Amino acid sequence: QGTIHPFRRTHRSVLGRLSQELRLVTSDRRSWRILAFGALNLLCTGCLLMWCSSTNSMALTAYTYLTIFDLFSLVTSLISSWVGMKKSSQLYSFGFQRLEVLAVFSSTVLIQLGALFILKERSVSHGRLLVGTSVALFFNLFTLLSVRNKPFSYVSEAASSSWLQEHVADLSRSVCGVLPGLSSVLLPRMNPFVLINLAGACALLLTYLLIEIHNFVAVDTASAVAIALMTFGTMYPMSLYSGKVLLQTTPSHVIGQLDKLLREVSTLEGVLEVRNEHFWTVGFGSLAGSAHVRIRRDANEQLVLAHVTNRLLPLVATLSVQIFKDDWSRPALLSGPLPHGGGAGDGHGHGHGHAHLSSSPLPPLLPDPLTSTPSKPLGPPPEFSFNTPRRPHSGLGLAYPAGPAAQGLRPGLLQGASGGISCCT
Amino acid sequence: MDEKYSSNVLSSGKLGMVEVPNARLTRYIILLLISKVLKAVGIFESYDILKVVHIVQFIFILKLGSAVVLLFFQKPFSSGKAISKRQWIKLLKHSVLGCIISLLGFFGLTLCGPLRTLLLFEHSDVVVLALLAVLFTTSGGGPSKTRGAALFIIAVVCLLLFDNDDLMAKMAEHPEGHHDSALTHFLYTAIAFLGVADHKGGVVLLVVSLCLKVGFHSASRKLSVEVGGAKRLYALDNLVSSAVLLPWVIVLSATTESKVESWSGLILPLALIVFSVMILEFYVEAVCAAKMEAPRCARYSTAALFLSALLLAHFWSHPFTDRLLSVRTPLHGHGGTEHVLSGGVVVSAVIFVLASSILSAPSRKGQKGTLVGYSPEGTPLYNFMGDALQHTSQSLPRFIKESLKQILEEYDSRQIFYFLCLNLAFTFVELFYGVWTNSLGLISDGFHMLFDCSALVLGLFAALMTRWKATKIYSYGYGRVEILSGFINGLFLMVIAFFVFVESVSRLFDPPNINTDMLTPVSVGGLLVNLVGICAFSHAHSHGAAKSCPSSDHGHSHNEHGHGHAHGGHGHAHGSHGHAHGGGGGGMNANMRGVFLHVLADTLGSVGVIISTLLINQFGWLIADPICSLFIAVLIFLSVIPLIKDACEVLVLRAPPEHEKELDHALAKVEKIDGVLSYRDAHFWRHSASMVAGTIHIQVMAEVLEQRVIQQVTSVLKDAGVNNLSVQVEKEAYFQHMSGLSSGFHEVLAMTQQMESVQCLKDGTCIM
């Protein structure tokens, strides 16, 4: 085979690449719709911003930011449809699903920062609040309900509920105590975006009424602060969730399941312990992970690997398991007299040649999952068959230092050594 | 009579709610309601009396009167065990505290009138404790309690802001000279020093004394057990307090002349007050607390109290009640104009009733468990024990000390911390000076500086978090937090740039007139502070392994209220920007980079302010300011892009660009390792500044020792910079096992395909 250059760069101008990707996206009919909505959104946002500057109302500005957030979410759904078409490359070996997460994270964070800026300003307001509110509300709801936004709907379902949602749920539960007929409407979890749009519109309506009737100008500031706080409350759980995905953390809802699987794995025949286990989500939902499994010196690596993979693969889509043995290169004679059961090394040396012996058809589960690894009695008594431990020094006559020191060998030496081995037996 | 009238209204209104408990409780509830209404009447009455009687005298009379009655009923000396000397001392302390609290309460009454006093001061302990639990602990008890707390606070704020009572109160009452004792004078000056109106000062005072009262009640519980019952304690307490107040009263009556015309006219109202406020309420509360649960008791009593207070406030100065209450005629010279009902008071009373009914409702929420796992049937299992064990509350000073120690341990966080302190000090000096000279520009600039400090705090927190140990959830450690914080800081700067841009565009068409008086000294100060920061952080940059760029610059905050920006800063920006591209790949510590960009932005803002002030003062070019702002906004935007791009690449798990070539070589080398057939699923990504992680699957021939292959591959990739690697070594046997284990047809199919490819490769090598 020829040499592969997996990390070859393609040189092209940024604009050219962008237009190419855009062409790719627009080949799909659905993204046309998103683009159309985006154009509408821009128009609407521009209108609203003009009204904001003419009425000089903080509350309306805060509400307009929700429209801008809609724009971000449209961009996110465009990105997600692009991601769906894109294959993983060598550079982006996990694919581009993370781009969705990143888009969700940055749009929620941006909108929160915008809300922070609202809190910083101060202003007085007069005039056309009602028109702006109704236009923004109508448009936001229209966009929310007619464009299917996969990443945001996932996040809003997966993230913990915001304080707005919790309060609404609590209130509606008590309402349902009085009027049980409403339970089918009120009890299911509300969509946070619809909720914040409605709540913001209510706040603006109240502001309008109070300003018109009593000329309370301070209400404007108060409702702007309220809308900003609601925005924080709604966006914070989502940015927390997507931020945790970006931080490569184990999602807390699979921890229980993972623990159970890992306990099962550690009770497999031959397995001593599982360590360095890392499990995290690649995009929204798909789990990736790696783990190091320490096994007995006489266990069959491939069999254990197959069993471990078989256990974990249904949950973890992208999995890599490194099997390792202690002191595998140590000459068996040296470790003969060591008493076993200490856990540090079940060091009865024997080569891996007879490792197949221990491959019983299916590894039986031990009754107690907790007494897992080191204290587990060794299965078959060690047999000292010295025929097979293959010494790597056959070609060049290099003796490997025994024990863990061998781990630190310089690669040049290794290369040389392994180059000398003939691969036939 | 009046009280009869309103109690009728209330009890008929309240009877609807009684259907929940069994009928036996009804009379206790009615008793409670009547006592509360009487108490409201008593408080209204005492407000009138306090206009002529000195407050200390008044309290003395109350305590003495109730002590006499209670001595008669309770007989604390003849019954029960004797009280030791130590207990007397405790009683003395207790009653001194009680006196202080009732002084504060009645002083608040004189300040803001009976209705507002009742609304603020007469909450039951249950309500206040629930409120404090929501405010100061994490487990407040669910969203409904939070709502109640928010309502409570809104009601207080409503009283503070939307209640236009203070004007009338000021007109009607005390221009200087009314308060005739040292104590009231002191309190008046304290409130005047705070700079609020008397009425608002009274609100604050009442809230504080409410908290004190609740604390006092819970502290006195232990003493009441020691002494032998709450009733005995109350009797003794009244006695001791009147003894404590006696010398003061004597001195007072000796030194000041009394305004009371005839004490005989006051006897009846005072007796009424002693009866309703001190005695009846105490006994009824004690009985109801024994018969009903505390939350319900609290709910009824607050509702009754507040509603009757509202009604009384409406009817108190009414001519009809004047005729009814002939008692009040001797006092009634003062007129009823002050502390009238206003919309704000009514709203806040309604909100108070709601809040206290929510807060005193027993929380339905069960214990919060942690998800342990799933049962075989698929239902989730919870662990309820953890909460009780995990409640190790750290003391605050110790926590601060520990975190300070952690901050000072490492270079980065130390640097940020010192600079944050400097920045905060400057901000507070500015704010203080602004308040002192009453300059709005200075104050708003100070707030802008505070806003900027949030970026520093974020950076500090991220630098601190980075060193936390890896946990089960953060299995790779917290190193990635740094990158995320850098990313957020970058977004922050972009938002700032956007707002500066919009602002300056709108100013371009309509350049405002700028008052440049105070700007120069402030901006020079800011410049000096930020220059120190730049020195510190650029040192940090060259110090650290990361060669990241002093790239970007952006003015914000300062220019937003109309200061221009500098051309000098612009030149500097361009120079450093070029540098950024050179070293951008190596700039790993995104967090420090973000913080540095912020500081640089501030510096440029200050420089810009100085130069635009000069330009405006010298030439009168008002347009210079928005143009500079525009320029700087664009510069900020351009300079943040590299930071954002780098952080994005790390966050979407791109293969680290600076290791690309080495990884390329390393993979080629891996293929050449003896016995290796091929590799697949090679993933390499940078996890944090110090960690490049990777996973790879390697297919080997059946005869090769797996551990050796792992060792070789690991060391080859380690040389390429990957320091957290897991290698899965697969042989043909693996695929056979897998196809045996996996029952699904598709998986078998996939596995056999993979196997065939491996066999092919193997054949190829074998032939070779």
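Here the structure is a predicted model, which means the values were calculated and not measured.
- B/Gln707 contributes a side-chain N or O that, together with a main-chain N or O of A/Ile323, makes up a donor-acceptor pair within less than 3.5 Å.
- Interface residue B/Val481: backbone and side-chain heavy atoms are both found under 4.5 Å from chain A.
- Taking OH of A/Tyr92 as the start and CH2 of B/Trp685 as the end, the distance is 16.0 Å to the nearest 0.5 Å.
- When heavy atoms are compared at a cutoff of 4.5 Å, B/Lys472 approaches chain A by way of both its backbone and its side chain.
- Heavy-atom distances place the side chain of B/Asn724, and not its backbone, under 4.5 Å from chain A.
- Judged purely by atom type and a 3.5 angstrom limit, B/His697 uses its side chain to pair as donor or acceptor with the backbone of A/Leu319.
- In this structure, the portion of A/His292 lying under 4.5 Å from any heavy atom of chain B is its side chain and not its backbone.
- In terms of the side chain to side chain contact (heavy atoms under 4.5 Å, CB included) criterion, residue partners of A/Val168 (sequence neighbours excluded) are, by chain and number, A/Met190, A/Leu195.
- Residue B/Leu484 touches chain A through its side chain alone, counting heavy-atom pairs closer than 4.5 Å.
- Only the side chain of A/Thr318 comes within less than 4.5 Å of a heavy atom of chain B; its backbone N, CA, C and O stay farther away.
- Shown are A/His278, A/Gln248, A/Glu277; of these, the side chain to side chain donor-acceptor pair (under 3.5 Å) with B/Ser475 is made only by A/His278.
- With a 4.5 angstrom heavy-atom cutoff, A/Gln97 does not touch chain B via any of its atoms.
- Contacts with chain B were tallied for A/Leu305, A/Val109, A/Leu49; A/Leu305 has the most, counting heavy-atom pairs under 4.5 Å.
- Residues B/Gln736 and A/Gln302 bring no donor and acceptor atom of their side chains to less than 3.5 Å of each other.
- Highest contact tally toward chain B, considering only A/Phe105, A/Phe96, A/Trp280, A/Phe94, is held by A/Phe94 [criterion: heavy-atom pairs under 4.5 Å].
- Looking at B/Ala470, neither its backbone nor its side chain comes within 4.5 Å of chain A, counting heavy atoms on both sides.
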Checking side-chain contact (heavy atoms from CB on, under 4.5 Å) for the pair B/Met738/A/Thr309: CA distance, chi angles, key distance, verdict? CA-CA 8 Å; B/Met738 278 310 277; A/Thr309 314; 4.0 Å; yes

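- Every side chain to side chain contact (heavy atoms under 4.5 Å, CB included) that A/Ser106 has, sequence neighbours left out, goes to B/Phe487, B/Leu491.
- How far CZ of A/Arg98 is from SG of B/Cys648: 12.0 Å, rounded to the nearest 0.5 Å.
- Relative orientation of the A/Phe117 and B/Phe492 rings is perpendicular, given thresholds of 30° and 60° on the angle between their planes.
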